[in-house]
Every structure is written in C-alpha cells, then in structure tokens.
Amino acid sequence: MHELGITRNIVSIVEEAAKGRRVKRVTLDVGQLAGVMPDAIAFCFVIFAKGTTLEAAQLEICRIAGRAHCRDCGSSFATATLYQACTCGSRAIDRLAGEELKIREMELEEVT
Amino acid sequence: MCGTCGCGSPSQTRITNLQTGKDLAMARESLHNHDHDHHHDQNHNHDHDHGHDHHHGHHHHDEAPSAVVTLEAQILAKNDALAARNRGWFAGREILALNLVSSPGSGKTSLLERTIRDLRDTVSISVIEGDQATAHDGERIRAAGAPAIQVNTGADGHSKQLSVRVFRFLGRPRLKKIALARTLMAVMLSQQTPVRSVGVVFQM
C-alpha cells in the first residue's frame, strides 16, 4: 500500500478519535520490516493534515526493530529482513516484531 | 488510484485467463468500504521486546494542558483482515503463496521462468502476472510451463486485493540449484502447514 493511502488513513483515524479537539501530537509505531517509508508518511502527513484538527500536530514515528524466534533451536534474534534464517541455519521462524504499522497515541489539547 | 486505500479502481482492471484468452470477471468485494472500524483493543498479543529507538523527552513545558490518548489503532486494519482471510484461503488449500516485488526491469520474470523450469516436476506452480497493459510477461511464464493469468491495471498502476483463482499445473522438470529455487524449497519445508502447490503473485 502506498504511504499516500496510509497517511490518509492515519489522519482520518486520528481526526475521528479526536472528536473536534485540536491534535498536538500523533505517535506512530512503524516496524523496520513494515515495508513503509517513514519519510514518505511525514511528507504526506503535512499535506493531509491541512484543514483538519491535525493541522499543527507534530508527527512522531517510532521505529520498531525486527525480531524473530527460531522454532528449531529456540533462540530469539534480531532480523533485518522478513525471511531471514536463524544463525543455526533453520528457516522455521516465527516473526515476533518489526512489522507494526499503527497509531500508538495522540496528544490532544485539553478542553478548558 | 483510490485515494483512501491506494488500490486501483476496479473499473480499469482486467484479468485475462491466458489459457483460454477469455477475460475473467472480478469478484465483487466489499473492499471499498472505507469507514475505518479501527479498534481500540488493548489486549493485542504482539507486544514483545520492542527495541525502540525513540527518545521520549517530550514533556511540553509550554502551552495549553493536553491529554494523551492511547489509540493502538492498526492503520491497515481492514487490509490486515483481508490479508488474514487470504492466508487462511491459501493455507486451507495447502498453497504456498509468494509475492514477487521489485522495480520494473530488474529480472523478476526471468528469475521466475528459470525457477519454473527447474521445479516443475517437484511442485505445481501457478502465476498471477501484473502489468499495466501487455500480456507479454504472462506469456513468458506460460512458455516456461506454468499456468498464468494476466492482470492489466490500465493507467492506474498496480492493483491489490484481487480475488483470483489459482490453477494447477503438471509439467516436466529437472531440479537445479538456483538461489530462488533453493530458498523456495527451504521456505516450503519450514511451513507449519503442508504445502502441495505454490502460487506466485507478481507486482510491478
């Protein structure tokens, strides 16, 4: 999926959840192996946020490292790609982390 | 291109069964329903050691008081649900489905042609080939010996979320050691569910 569509989703989800309140910050979790370029999201964010309650929001993107567990030798290890083999040589791995693509939290202006 | 989810609009997409030359009708899916049913579920199961590399020095000493709201909203919730359904569909039919992605002209079709020739006797391989206009690559795949269908997306570019049928194929083969074939076999053998055939999807 393109970052364009993804970013539009982000703005839409946050705007609806914010219920009219001004959004000061949006924090995303983007895994290193999510197949998404954070720079492109940041670029699109500015465009899609215009005219919405996210207009002045700061976009914070947290990268999450890839991690997998080997079913054969039982070890957990960092992964740089989706189908990386274990150091023991096995490809029987369970992918634990690194593919996240979510909005963790948003910071809203308090209604006074 | 649909501005919401990035998929190609169905009206511009054609699917051709290269074996018969006939166009296949695209299944009507409720994919284009874009109201986001984002779920604020707090009990998700994939929270492991994250290895975050962000700096959280964010105490805004300035302006108006603010409230931090935890969302944990999956951005691609709908897409993820469809993907999970597809995976179940493949697993139920014991099909290993692979998506071959790289920039145009990098050699995907060539690599796949060779893999098909080498592995034809070992496993059934079927291919869904995507391109903007021509069936050229699809024809190469057929010439190599795997059934293929061609998806032409028109000017919209690549289209995802297609409902297609994967065909069986029986052919002649000689197992040779090339990188893709080796990796393919290794991945097949490591699957938790049995694999009887392989489906390969090309993207531009």
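Here is the naming used below: chain letters follow the sequence lines, and residue numbers restart at 1 for every chain.
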Undergrad: Hey, what do you get for OG (S66(B)) to CD (E109(A)), rounding to the nearest 0.5 Å?
TA: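 Nearest 0.5 Å value for the OG-CD distance: 8.5 Å.
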Undergrad: Any idea which of D72(A), L28(A), L108(A) has the most non-hydrogen atom pairs under 4.5 angstrom with chain B?
TA: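 Most heavy-atom pairs within the cutoff with chain B belong to L108(A).
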Undergrad: How long is the span from the CG atom in L101(A) to the CD1 atom in I75(B), to the nearest 0.5 Å?
TA: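 Atom-to-atom, L101(A):CG and I75(B):CD1 are 4.0 Å apart.
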Undergrad: Working to the nearest 0.5 angstrom, can you tell me the gap between T70(B) OG1 and M106(A) CE?
TA: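 These two atoms lie 9.5 Å from each other.
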Undergrad: Specify the closest pair of heavy atoms between A67(B) and R21(A), including all atoms of both residues, with the distance to one decimal.
TA: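 Answer, listing the atom of A67(B) first, then R21(A): CB-NH2, 3.8 Å.
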Undergrad: Nearest 0.5 Å, please: how far is CD1 in I13(A) from CD in Q74(B)?
TA: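 Here the interatomic distance stands at 9.0 Å.
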Undergrad: Before you tell me yes or no, could you show the steps for R25(A) and V68(B) under side chain to side chain contact (heavy atoms under 4.5 Å, CB included), namely the whole-Å CA-CA distance, both residues' side-chain angles and the distance that decides it to 0.1 Å?
TA: CA-CA 9 Å; R25(A) 170 179 55 88; V68(B) 175; 3.5 Å; yes
